[in-house]
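These notes concern the structure reproduced below.
Both backbone and side-chain heavy atoms feed into the values below; hydrogens, waters and symmetry mates do not.
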Amino acid sequence: MIEDNTLQTAPRKQVMLTGLRLTPASAAALGVLLITVFTLFTAPYVGMADNGDFFRIIYSNGLYFNLPDYDSRYFGYFVKQFGIYQYYNENSSMLVSSQSLFIKLAVVVNKLVFSKEVFDIRFQAAIYVVLYVAAVYLLIEAVTYKMSRKRGMIVAGIAVFIFGDTGYTAYFNSFFSESVVMIMMIFVFASWLLLYRKRYNDYVMLGLFLISTLILTTSKQQNAPVGMVISVFAVSLIWIRKDRVFRYLTAAAIALMMLAGIATYLNISKEFVNINQYHAMTRGVLMESENPETALKSFGINEQYAILKQNTYYDQYGTVDVKADILEKEFYSRYGFVSILKYYVTHPDQMGSILNTAAKSAYTIKPAAMGNYEKSVGKEFRAQSHFFTLYSVLKEKLAPRTFGFILLWMAVITGVYMPSFVAAVKARNVRSMQRLMLIVATMLVGLSGIFVSIIGAGDADIAKHEFLFTQSFDLVSFLVLAGVISRGFRARRKLPAATEAAPALPVNAGAGKGVSV
């Protein structure tokens with residue numbers, strides 16, 4: 001088993017570089033910052049083309065498309081400037097999302113230093129970069145805490161390789177909510193890990209954990225289960241300290257996370273329900289069924305609707321009017337998330353087929369459908385940047401494309417960490433239990449991204465919908481890899497316990513072994 005170095009007593013070593021003292025965390029943050037700034041803020045600028053979704057979030061935030069040929073750039077070209085409404089904005093909010101907080105802040109900064117009429121999306125990207133670099137810093141600080149300088153710097157280099165990949169950071173120059181998801185997911189992971197490490201002030205880390213979870217959960221409607229999953233596994237955090245104030249605050253934070261998940265689900269607009277519902281049937285149940293007429297009959301739907309198989313809601317010349325009243329009465333009203341889930345459970349062959357379909361796109365960080373360059377650069381339509389994308393390319397090419405591998409990955413990692421968790425339970429050391437709680441919660445959050453995608457919308461735009469899984473996969477795998485680098489497969493040294501609220505773990509030759517970072 002890989003050793004646990006959480007209780008290691010050796011002081012952190014630092015490296016001198018051009019007169020600056022760099023820890024592994026600051027080295028990783030600096031590396032990600034330099035690569036991202038070069039990618040997003042120097043010509044040719046890299047961003048993400050609109051797939052038709054931007055209107056959902058920008059109109060209600062006071063922005064509009066000011067290019068006369070904007071429609072011709074869908075999917076193909078990144079656009080960096082948009083108009084700012086000067087007078088009354090009649091557009092109501094199409095969706096409730098925490099993403100609006102960052103857009104509004106960027107618009108304010110834009111007006112102060114650039115223009116009151118034109119919005120440059122790079123102001124938003126700058127805000128995201130600052131937050132992202134801070135998140136990476138905390139993540140590496142948690143992972144390399146009390147690790148030797150040499151090994152810590154190796155881990156920092158791997159972090160730059162993974163989290164500096166432009167497959168991730170290109171989202172910052174777009175209005176896709178994946179930017180918020182990516183940043184807040186790292187904050188959630190890092191703050192929980194820092195609570196486990198007892199690194200920094202517990203109250204501050206609890207506050208960061210709460211805020212980042214709330215923003216993550218409310219960033220997009222698909223993330224409604226995130227707050228619920230995290231809140232359930234975070235219950236154990238209540239007992240990592242003895243003082244009542246911390247316990248009451250933690251309990252209140254957990255309740256807020258759960259309520260955020262429920263509220264996000266209840267606030268899904270009727271239009272988005274219909275879009276996802278349509279795809280769940282046409283791009284899910286019907287597509288995977290050998291006999292679509294029989295499948296429709298099981299839902300009480302007229303068999304003639306089998307003609308909709310593989311159609312999308314946005315087809316320019318669709319078979320039916322997707323907004324027609326007859327479809328509402330005879331189609332949408334006959335099924336929902338629960339009934340589709342029940343259908344898949346009773347048809348395991350179709351369930352396995354669509355899960356494998358999902359697994360094929362589960363490791364894609366940057367969807368191939370959207371281009372990364374401005375039209376003025378002269379690149380072909382949908383051309384993508386390949387600068388610093390080795391990790392995302394290798395991941396997509398080498399990762400096994402079956403859902404069985406995902407289950408195996410989850411089982412192996414859980415099993416490897418289980419011995420130290422069991423030892424912590426026996427010793428009643430709640431803080432030391434948190435590592436496995438975090439890992440399992442992160443894996444289930446990622447898994448929820450897959451299930452919500454396929455059951456709620458079939459395979460429509462599945463690569464982007466599964467972004468939460470691919471990031472969860474990277475965070476957990478990075479934690480395990482850092483554990484291997486940190487200690488290797490050597491025998492445990494006898495170390496004193498360092499947690500404050502509960503009895504120390506036994507450190508005899510046979511106890512408490514497991515994977516750690």
Side-chain angles (χ1 to χ4, degrees), residues 51-53 95 220-225 228 262 264-362 369 401-404 406-407 447-466 468-469:
N51 69 344
D53 286 348
L95 56 87
K220 59 188 305 182
Q221 295 159 337
Q222 179 188 340
N223 289 355
M228 304 177 196
I262 296 172
T264 300
Y265 176 77
L266 295 177
N267 277 324
I268 299 177
S269 67
K270 180 62 177 176
E271 180 181 358
F272 290 127
V273 169
N274 285 352
I275 293 172
N276 292 332
Q277 212 174 335
Y278 187 83
H279 290 151
M281 182 62 70
T282 64
R283 302 293 306 180
V285 172
L286 297 183
M287 191 174 70
E288 297 296 334
S289 176
E290 294 182 359
N291 192 329
E293 289 81 5
T294 302
L296 288 170
K297 190 175 181 180
S298 68
F299 288 95
I301 300 174
N302 191 313
E303 298 174 19
Q304 294 182 21
Y305 284 104
I307 197 173
L308 300 179
K309 181 176 180 178
Q310 296 187 358
N311 283 12
T312 74
Y313 193 89
Y314 302 107
D315 285 343
Q316 186 174 4
Y317 303 105
T319 308
V320 297
D321 179 2
V322 294
K323 297 181 180 180
D325 291 339
I326 189 173
L327 224 62
E328 182 67 40
K329 181 180 179 181
E330 303 292 340
F331 192 70
Y332 297 129
S333 63
R334 303 298 177 90
Y335 66 97
F337 187 91
V338 175
S339 58
I340 289 181
L341 177 60
K342 181 180 177 182
Y343 176 84
Y344 280 127
V345 170
T346 56
H347 295 79
D349 54 334
Q350 285 185 233
M351 171 68 94
S353 177
I354 198 166
L355 284 174
N356 282 329
T357 298
K360 292 177 182 178
S361 301
R401 302 294 187 90
T402 65
F403 190 73
I406 294 175
L407 295 179
L447 206 59
S448 74
I450 292 180
F451 277 95
V452 169
S453 296
I454 61 173
I455 296 175
D459 75 341
D461 204 11
I462 195 167
K464 194 165 75 67
H465 286 167
E466 292 184 312
L468 195 58
F469 172 80

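- Checked against side chain to side chain contact (heavy atoms under 4.5 Å, CB included), S339 has the following partners two or more places apart in sequence or in another chain: F299, Y335.
- Each of E466, H279, Q222 was checked for a side-chain hydrogen bond (donor to acceptor under 3.5 Å, both in side chains) with S453, and the lone residue meeting it is Q222.
- Residues that satisfy the side-chain hydrogen bond (donor to acceptor under 3.5 Å, both in side chains) test with S353, not counting sequence neighbours, are E288.
- Although no hydrogens or angles enter the test, the distance criterion places a donor-acceptor pair under 3.5 Å between the side chain of N356 and the main chain of F403.
- For the pair L308 and Y278, the minimum side-chain heavy-atom distance is below 4.5 Å.
- By the side-chain hydrogen bond (donor to acceptor under 3.5 Å, both in side chains) test, Y343 pairs with Q350, sequence neighbours left out.
- Y344 places no side-chain N or O within donor-acceptor distance of the main-chain N or O of G352, the cut-off being under 3.5 Å.
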The test is side chain to side chain contact (heavy atoms under 4.5 Å, CB included); show your working for L447 and I406 and say whether it passes.
CA-CA 9 Å; L447 206 59; I406 294 175; 4.2 Å; yes
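- Nearest heavy-atom pair, A359 versus T402, reported as atom, atom and distance to 0.1 Å: CB-C, 3.4 Å.
- Taken from CD in Q310 to CZ in R283, the straight-line distance is 5.5 Å, to the nearest 0.5 Å.
- Within the structure, side chain to side chain donor-acceptor pair (under 3.5 Å) contacts touching residues 293-308 (residues at least two apart or in different chains) are N291-T294.
- I307 CD1: 12 or fewer foreign heavy atoms inside a 6.0 Å radius.
- Nearest heavy atoms, M351 versus V345: CE-N, 4.4 Å.
- Considering every non-hydrogen atom in both P292 and S289, the closest pair reads N-OG, 3.6 Å.
- You'll find the side chain of I340 stays beyond 4.5 Å of the side chain of Q277, heavy atoms only.
- Heavy atoms of other residues, nucleotides or ligands lying less than 6.0 angstrom from CG of D321 number more than 12.
- The shortest distance between side-chain heavy atoms of Y332 and V322 falls below 4.5 Å.
- When atom types are taken as modelled, the side chain of T264 and the backbone of Q221 share no donor-acceptor pair closer than 3.5 angstrom.
- In this structure, L468 and N223 have side chains that are in contact, with non-hydrogen atoms separated by less than 4.5 Å.
- Residues I354 and G284 approach most closely at CD1-CA, 3.9 Å, considering heavy atoms.
- Across all non-hydrogen atoms, the minimal contact from L296 to M281 is CD2-SD, 4.1 Å.
- Proximity of V320 to F331: side-chain heavy atoms (C-beta onward) are nowhere separated by under 4.5 Å.
- Residue pairs meeting the salt bridge (Lys or Arg N to Asp or Glu O under 4.0 Å) criterion with at least one partner in residues 333-347, sequence neighbours excluded, are E330-R334.
- Under the side chain to side chain contact (heavy atoms under 4.5 Å, CB included) criterion, D349 pairs with H347, sequence neighbours left out.
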